[in-house]
There are 2 protein chains.
Amino acid sequence: MEFNEAKNKFIQTWGALGSQWGINKTMAQIHALLMVSPEAVSMEDIMESLQISRGNASMNLRALMDWGIVYKEYKSGERREFFTAEKDLDELAVKIARERSKREIKPALKVLKEVSMIEADTSLEEKHFVAQTSKLYDFVLRADNMLDKATEMNDNWLGRLFLKIMK
Amino acid sequence: MEFNEAKNKFIQTWGALGSQWGINKTMAQIHALLMVSPEAVSMEDIMESLQISRGNASMNLRALMDWGIVYKEYKSGERREFFTAEKDLDELAVKIARERSKREIKPALKVLKEVSMIEADTSLEEKHFVAQTSKLYDFVLRADNMLDKATEMNDNWLGRLFLKIMK
DNA sequence: TTAAACTTTCAAAAATAAATGAAAGATATT
DNA sequence: AATATCTTTCATTTATTTTTGAAAGTTTAA
């Protein structure tokens with residue numbers, strides 16, 4: 001496979017993966033492009049590479065910066081802004097996990113807690129509802145914590161040990 | 001909060017969470033409804049509860065059964081089909097993880113491997129591309145394995161120990 | 001202060017994904 | 001074998017999400 005073909009394939013694949021996980025395609029593609037660029041890239045070049053409009057590029061770059069996984073860079077003597085991606089994958093995973101937890105899981109947990117705390121009457125239906133949503137609350141809470149911990153454990157000997165044992 | 005309000009809120013929230021994670025809203029809502037129903041539910045009742053069409057109900061139930069997290073049930077003397085959800089959350093998590101890994105992560109891994117194996121010339125750009133996609137391949141592979149292992153470790157003493165220590 | 005170079009915003013358009021519902025397909029019952 | 005009950009399919013419609021691009025907004029420099 002030739003380099004440009006490979007690069008393109010990578011960007012497309014990363015974009016598709018993103019959209020399956022609730023991140024929009026262009027956002028993931030921009031991120032992919034930046035990840036494999038050794039140098040910071042201008043907005044103009046991003047638009048050109050991905051064949052997207054100025055507005056689209058601008059909005060998605062902003063979103064990526066909000067997530068903390070893309071940085072603006074200023075080059076002296078240049079008026080334009082350049083962009084680079086977080087390239088440390090452990091750091092990337094931590095930031096994505098934190099962001100999604102904050103935006104999606106935490107609010108869902110709040111609702112789960114609320115609805116699991118209603119006063120159930122004696123009916124089977126209501127008792128079952130409370131039992132099931134309570135379990136779900138515990139479960140999601142546990143998963144959320146694990147996500148946090150797992151992302152932190154990359155440079156942690158106990159984590160590595162755990163991985164070794166579990167493999 | 002009153003029971004019906006709580007039930008509705010739960011279904012809506014679970015649906016929204018689903019769509020943020022690449023599972024369509026109705027599919028997640030049907031699953032939510034079945035999770036909190038102590039008894040198996042007919043298609044008619046699902047349509048009525050969620051205010052959706054017959055076709056929609058049918059297709060999403062099929063998808064849920066393909067994922068292995070909803071089961072058909074036949075009641076003797078009844079012509080209609082009834083549906084129940086997998087209620088064991090550990091089992092549920094395992095099945096979802098397996099399915100998404102199979103459908104999305106494995107194919108992405110294949111591409112990552114491919115593109116990271118191109119012959120890079122001496123240019124910085126190509127060398128960086130190979131280095132970065134190789135790292136990504138290792139990382140995603142590791143994460144995918146961890147997902148597998150994590151879902152299996154619920155009734156596993158070592159896993160529990162790990163959780164305890166890491167908390 | 002003005003102009004040039006660049007970025008952001010957002011209403012409208014386009015693309016994509018999901019839902020509908022009527023017809024076709026099953027399956028059981030008489 | 002005809003009928004009744006229920007489910008699935010899929011072309012069309014509807015809803016949602018994403019993208020565009022032109023106008024407004026910024027920043028820098030002369």
Side-chain angles (χ1 to χ4, degrees), chain A residues 11-34 40-67 70-84 100 103-104, chain B residues 11-34 40-67 70-84 100 103-104:
Chain A
I11 291 172
Q12 297 307 321
T13 303
W14 205 242
L17 197 63
S19 62
Q20 279 157 341
W21 290 82
I23 288 157
N24 102 27
K25 197 185 67 178
T26 305
M27 191 169 153
Q29 286 184 343
I30 293 176
H31 183 251
L33 174 65
L34 295 180
V41 182
S42 71
M43 203 162 99
E44 206 69 39
D45 288 346
I46 292 172
M47 289 163 56
E48 165 67 21
S49 292
L50 304 179
Q51 289 292 304
I52 58 174
S53 71
R54 191 169 292 289
N56 196 4
S58 173
M59 292 182 90
N60 284 109
L61 279 166
R62 152 62 65 103
L64 285 163
M65 289 188 297
D66 287 348
W67 279 58
V70 160
Y71 312 108
K72 237 182 214 176
E73 248 178 39
Y74 297 97
K75 290 194 181 174
S76 55
E78 276 275 13
R79 186 108 132 225
R80 290 177 301 169
E81 297 171 338
F82 291 81
F83 301 89
T84 38
R100 301 207 67 171
R103 294 181 194 214
E104 296 150 17
Chain B
I11 290 172
Q12 297 307 320
T13 303
W14 204 241
L17 198 62
S19 61
Q20 279 157 340
W21 289 82
I23 288 156
N24 101 26
K25 195 185 69 180
T26 305
M27 191 169 153
Q29 286 183 344
I30 294 176
H31 182 251
L33 174 65
L34 294 180
V41 183
S42 70
M43 203 161 98
E44 207 68 40
D45 288 348
I46 292 171
M47 287 162 57
E48 165 67 22
S49 292
L50 304 179
Q51 290 292 304
I52 58 174
S53 71
R54 192 170 292 288
N56 197 5
S58 173
M59 291 182 90
N60 284 111
L61 279 167
R62 151 63 65 102
L64 285 162
M65 290 188 297
D66 287 348
W67 279 59
V70 160
Y71 312 109
K72 238 182 213 173
E73 247 177 41
Y74 297 98
K75 290 193 182 174
S76 55
E78 276 277 14
R79 185 108 132 224
R80 290 177 301 168
E81 297 171 339
F82 291 82
F83 301 88
T84 39
R100 301 208 67 173
R103 293 182 195 214
E104 296 149 17

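Everything quoted here is computed from the prediction, not taken from an experiment.
Here A:Thr13 pairs with A:Lys9, B:Ala108, B:Val111 under the side-chain contact (heavy atoms from CB on, under 4.5 Å) rule; sequence neighbours left out. Legend: residues meeting salt bridge (Lys or Arg N to Asp or Glu O under 4.0 Å) with B:Lys75, ordered by chain and number and at least two apart, are absent. With sequence neighbours excluded, no residue satisfies salt bridge (Lys or Arg N to Asp or Glu O under 4.0 Å) with A:Glu73. For B:Ala16, the side-chain contact (heavy atoms from CB on, under 4.5 Å) test picks out no residue, with sequence neighbours left out. A:Ala28 is linked by a side-chain contact (heavy atoms from CB on, under 4.5 Å) to A:Ile23, counting only residues two or more places apart in sequence or in another chain. Partners of A:Glu104 by salt bridge (Lys or Arg N to Asp or Glu O under 4.0 Å), not counting sequence neighbours, listed by chain and number: A:Arg100. Not counting sequence neighbours, the partners of B:Ser42 by the side-chain contact (heavy atoms from CB on, under 4.5 Å) test are B:Glu44, B:Asp45, B:Arg80, B:Phe82. For A:Tyr74, there are no side chain to side chain donor-acceptor pair (under 3.5 Å) partners, not counting sequence neighbours.
Residue pairs satisfying the salt bridge (Lys or Arg N to Asp or Glu O under 4.0 Å) criterion with at least one member in residues 13-29 of chain A, sequence neighbours excluded, are absent.
Residue B:Met47 qualifies as enclosed at atom CE: its count of foreign heavy atoms under 6.0 Å is above 12.
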Exercise for review: Any chance you could list the contact pattern along nucleotides 6-11 of chain D? Use B for base contacts, S for sugar-phosphate-only contacts and - for none, protein heavy atoms under 4.0 Å, 5' to 3'.
Suggested key: SBBBB-

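Counting 5' to 3', DNA chain C first comes under 4.0 angstrom of a heavy atom of chain A and last does so at the ends given by C:dA4 to C:dC10.
Contact check of residues 13-31 of chain B against DNA chain D (heavy atom, cut-off under 4.0 Å) returns no residues at all.
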